[in-house]
Amino acid sequence: MSNLSKPDVPRFSVDVYQNEFLPEGGREVNAIVTVTSTGGGTAAGASAASAPDTAVVIMVDCSGSMDYPPAKMRNARQATAAAIDVLREGVSFAVVAGTHQAKEVYPGQGRLAVADATTRAQAKEALRKLTPGGGTAIGTWLRLADRLLASSDASIRHGILLTDGRNEHEEPDALRASLDACAGRFTCDARGVGTDWEVKEVTGIASALLGSADIVADPSGLAADFTGMMENVMGKELADVALRLWTPQGAEVQFVKQVAPTVRDLTDRRTEAGPRAGDYPTGSWGDESRDYHVCVRVPDAGVGREMLAARASLVRPTRDGSAETLAQGLVRAVWTDDLAASTTINPQVAHYTGQAELAQAIQQGLELRKSGDLDGATAKLGRAVQLASRSGNEDTAKLLAKVVDVVDAVNGTVRLKAKVSAEAEKTLETRSTKTVRVKK
């Protein structure tokens, strides 16, 4: 473990958990890389000096379906106002109304406002313009947010997006193109209100833009959720941080996954960073800790040999185009003929392998249920119940119990419920990637 951060930025540390011992002929090295940032911002204690380095755009669904029931639009206005109240002095912000096109609600003219008592009051007054009508084309909302955020020199650029329906007024490829264009330019939290939206669209937005995704089934919960999201944004102090993996000649990264607090596969997000090195984006950081599962394939070596399998570093770009190393840790490989040593699975690796399988089992089980394969769904969701019970993931276990009747959690014996509410199903699918930290 090392910590190389300077005192004017949050301090990062890297801890590596692994069983470095491989049997003769063994080539796969697995490690959990825990990254912790301290001394940065928190919702209650971020330094005022850091706040103006943030820009936020709130995108509110104003399609016609937001009028059914009318409370949905009213709650969305109230939630946006609550989020605006959380903005710190000097933060740049804007509000966008999203339908089949995107419109600036405040401040307008392609610019951002600077948060103070006057602009907050003006913005909340402008929310009266948020009225339902029209379709849904989320890609246009994201591209307008990108243009607005690009007008700021803030390093932390963030979006908050609310939708209540499917992205019906643009092709899936158009949304994907918008996400590709916005990735790396700003982060974004996405929320689905009610139960008529598409989980894969909302979670896809959050995944592509390194934000969070969740369901707010009851519109009355929007204000609390928006407040929490904005407090989290105000706690961010460092943007564009990447996990850099260097591997020696002959070694190759098989995959990189964030595994806590949520499962997110970063493998395909790699950008080359010099000879035998690649960067994986992690987004913005405040006071927090995240875990990453790194798998490296190494060349075969004889018993008694050892090698550095990978160097894991946290880096951020500097003004001159280079990268500053914030912290780093080492992943090792040691070949042994001690069977007990080489067959022991590291507890952190085992835990998060199970958490990733849990998320996959839930998603596959729900898909099989929708397609009518009840036996397949029962098997997958039973396995999910078993994994949730084994790992102590109580929140996911409770959500699963709304979809299946649990006969034996330890063995994963379940029966599908005959009737499942749309809220229960959507909540389970949306939150399937949320994990619990390993018990140290």
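Atoms considered below: every heavy atom in the structure, side chains included; atoms not considered: hydrogens, waters and symmetry mates.
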Item checked: Main-chain N/O of A361 paired with E357 side-chain donor or acceptor, under 3.5 Å -> no
Note to self: Within the structure provided, determine whether L326 and R316 are in side-chain contact (heavy-atom separation under 4.5 Å).
What the structure shows: yes
Note to self: Rounded to the nearest 0.5 Å, what separates atom OG in S178 from atom CD1 in I205?
What the structure shows: 9.5 Å
Check: Any donor-acceptor pair under 3.5 Å linking the side chain of Q355 with the backbone of V436?
Finding: yes
Note to self: For S220 and N75, which I'm curious about, is there any donor-acceptor pair between the side chains at under 3.5 Å?
What the structure shows: no
Checklist line | Distance (rounded to the nearest 0.5 Å) between R264 CZ and R290 CZ | finding: 8.0 Å
Notebook entry, point to check: Any sub-3.5 Å donor-acceptor pair from Y352's side-chain atoms to Y292's backbone N or O?
Noted result: no
Notebook entry, point to check: In terms of heavy-atom contacts, does CZ of R305 have more than 12 from other residues, nucleotides or ligands at under 6.0 Å?
Noted result: no
Next item on the list: Begin with the C-alpha distance, continue with both residues' side-chain angles, and end with the deciding distance and a verdict on side-chain contact (heavy atoms from CB on, under 4.5 Å) for L399 and D395.
Entry: CA-CA 6 Å; L399 295 176; D395 289 342; 5.7 Å; no
Check: To the nearest 0.5 Å, what is the distance between CH2 (W285) and OG1 (T36)?
Finding: 7.5 Å
Check: Is there a side-chain contact between H169 and S63 (heavy atoms, below 4.5 Å)?
Finding: no
Check: Quick one: are M234 and V56 in side-chain contact, heavy atoms under 4.5 Å?
Finding: yes
Next item on the list: Please lay out, stage by stage, how K200 and E429 fare under the test salt bridge (Lys or Arg N to Asp or Glu O under 4.0 Å).
Entry: CA-CA 9 Å; K200 286 182 173 58; E429 186 176 0; 3.4 Å; yes
Margin query: Side chains of N19 and T344 only: does a donor on one sit below 3.5 Å from an acceptor on the other?
Written below: no
Check: Hey, are T34 and D291 close enough side-chain-wise for a donor-acceptor pair under 3.5 Å?
Finding: yes
Next item on the list: Give the intermediate values and the outcome of side-chain contact (heavy atoms from CB on, under 4.5 Å) for residues I215 and R431.
Entry: CA-CA 8 Å; I215 178 175; R431 297 179 182 172; 4.0 Å; yes
Note to self: Exactly one of D214, T430, D225, D61 should register a side chain to side chain donor-acceptor pair (under 3.5 Å) with R191. Which one does?
What the structure shows: D225
Check: Got a second to check how far L149's CG is from L144's CG, nearest 0.5 Å?
Finding: 9.5 Å
Check: Would you call K72 and D164 a salt bridge, taking side-chain N to carboxylate O under 4.0 Å as the test?
Finding: yes
Check: Which atoms form the tightest heavy-atom contact between R157 and R185, and what is the distance?
Finding: NE-O, 2.6 Å
Next item on the list: With rounding to the nearest 0.5 Å, note down the distance linking OG1 in T227 to CG in L222.
Entry: 10.5 Å
Margin query: Counting only heavy atoms from other residues, nucleotides and ligands, does the tally under 6.0 Å from NZ of K124 exceed 12?
Written below: yes
Check: Which atoms form the tightest heavy-atom contact between T267 and Q254, and what is the distance?
Finding: CG2-O, 3.8 Å
Show me, pair by pair, the donor-acceptor contacts under 3.5 angstrom made by side chains of residues 240-249, not counting sequence neighbours?
from : atom 1 : to   : atom 2 : distance (Å)
R244 : NE     : D279 : OD1    : 2.6
R244 : NH2    : D279 : OD2    : 3.0

Notebook entry, point to check: Does a salt bridge link K129 with E104, judged by any charged N lying under 4.0 Å from a carboxylate O?
Noted result: no
Item checked: salt bridge (Lys or Arg N to Asp or Glu O under 4.0 Å) evaluation trace for E198 with R166 -> CA-CA 5 Å; E198 183 62 47; R166 294 174 176 82; 3.6 Å; yes
Item checked: Neighbour count above 12 (heavy atom, 6.0 Å) for D180 CG -> yes
Item checked: Backbone of T203 reached by a side-chain donor or acceptor of S207 within 3.5 Å -> no
Notebook entry, point to check: When you look at E89 and R120, which way does the salt bridge (Lys or Arg N to Asp or Glu O under 4.0 Å) test go after all the steps?
Noted result: CA-CA 10 Å; E89 295 290 306; R120 286 193 203 91; 2.9 Å; yes
Notebook entry, point to check: Just by modelled atom types, is the G139 backbone N or O under 3.5 Å from a matching donor or acceptor in the E170 side chain?
Noted result: yes
Notebook entry, point to check: Does atom CD of E171 have more than 12 heavy-atom neighbours from other groups under 6.0 Å away?
Noted result: no
Notebook entry, point to check: Just by distance, with hydrogens left out, do T318 and E324 show a side-chain donor and acceptor under 3.5 Å apart?
Noted result: no
Notebook entry, point to check: Does D196 reach the main-chain N or O of G165 with its side chain, forming a donor-acceptor pair under 3.5 Å?
Noted result: no
Next item on the list: Using only heavy-atom distances, determine whether the side chains of N393 and S391 contain a donor-acceptor pair under 3.5 Å.
Entry: no
Check: Quick one: does R269's side chain have a donor or acceptor within less than 3.5 Å of a partner on A208's backbone?
Finding: yes
Next item on the list: Please answer whether the main-chain N or O of L148 pairs with a side-chain N or O of S151 as donor and acceptor at a distance below 3.5 Å.
Entry: yes
Margin query: Counting C-beta onward and ignoring hydrogens, is there a side-chain heavy-atom pair between R143 and R147 closer than 4.5 Å?
Written below: yes
Check: Are a donor atom and an acceptor atom from the side chains of Q122 and T118 found within less than 3.5 Å of each other?
Finding: no
Next item on the list: Check whether any side-chain heavy atom of W141 lies under 4.5 Å from a side-chain heavy atom of V57, and answer yes or no.
Entry: no
Margin query: If I compare all heavy atoms of A31 with all of V16, which pair ends up nearest, and what's the gap?
Written below: CB-CG1, 4.0 Å
Notebook entry, point to check: Are R437 and S289 close enough that a side-chain donor and a side-chain acceptor fall under 3.5 Å?
Noted result: yes
Note to self: Quick check on E24: does its CD atom have over 12 non-hydrogen neighbours (other residues, nucleotides or ligands) under 6.0 Å away?
What the structure shows: no
Notebook entry, point to check: Do the non-hydrogen side-chain atoms of L130 and M73 ever get within less than 4.5 Å of each other?
Noted result: yes
Check: In terms of side-chain geometry, is the basic nitrogen of K380 or E367 positioned less than 4.0 Å from the acidic oxygen of its partner?
Finding: no
Checklist line | Side chain proximity check, V349 to H293, heavy atoms < 4.5 angstrom | finding: yes
Check: Is the number of heavy atoms from other residues, nucleotides or ligands under 6.0 Å of I345 CD1 greater than 12?
Finding: no
Checklist line | Heavy-atom closest pair, residues V259 and T435 | finding: O-OG1, 2.7 Å
Checklist line | Residue pair T336 / A341: nearest heavy atoms and the distance that separates them | finding: CG2-CB, 4.4 Å
Next item on the list: Could you walk me through whether E306 and R332 pass salt bridge (Lys or Arg N to Asp or Glu O under 4.0 Å), step by step?
Entry: CA-CA 7 Å; E306 63 178 89; R332 300 171 62 238; 2.9 Å; yes
Notebook entry, point to check: When rounded to the nearest 0.5 angstrom, what distance separates CG in N30 from CG in L22?
Noted result: 9.5 Å
Checklist line | CA sep, side-chain torsions, deciding dist, call: V385, L381, side-chain contact (heavy atoms from CB on, under 4.5 Å) | finding: CA-CA 6 Å; V385 166; L381 293 174; 5.7 Å; no
Next item on the list: Specify the closest pair of heavy atoms between A388 and L400, including all atoms of both residues, with the distance to one decimal.
Entry: CB-CD1, 4.2 Å
Check: Would a 4.5 Å heavy-atom cut-off, applied to side chains only, mark L162 and I160 as touching?
Finding: no
Note to self: Checking L87 against T119 for the side-chain contact (heavy atoms from CB on, under 4.5 Å) test, could you report, in this order, the C-alpha distance in whole Å, the side-chain angles of both residues, the deciding distance, and whether it holds?
What the structure shows: CA-CA 11 Å; L87 291 167; T119 57; over 6 Å; no
Check: Any side-chain donor-acceptor pair under 3.5 Å between T187 and H158?
Finding: yes
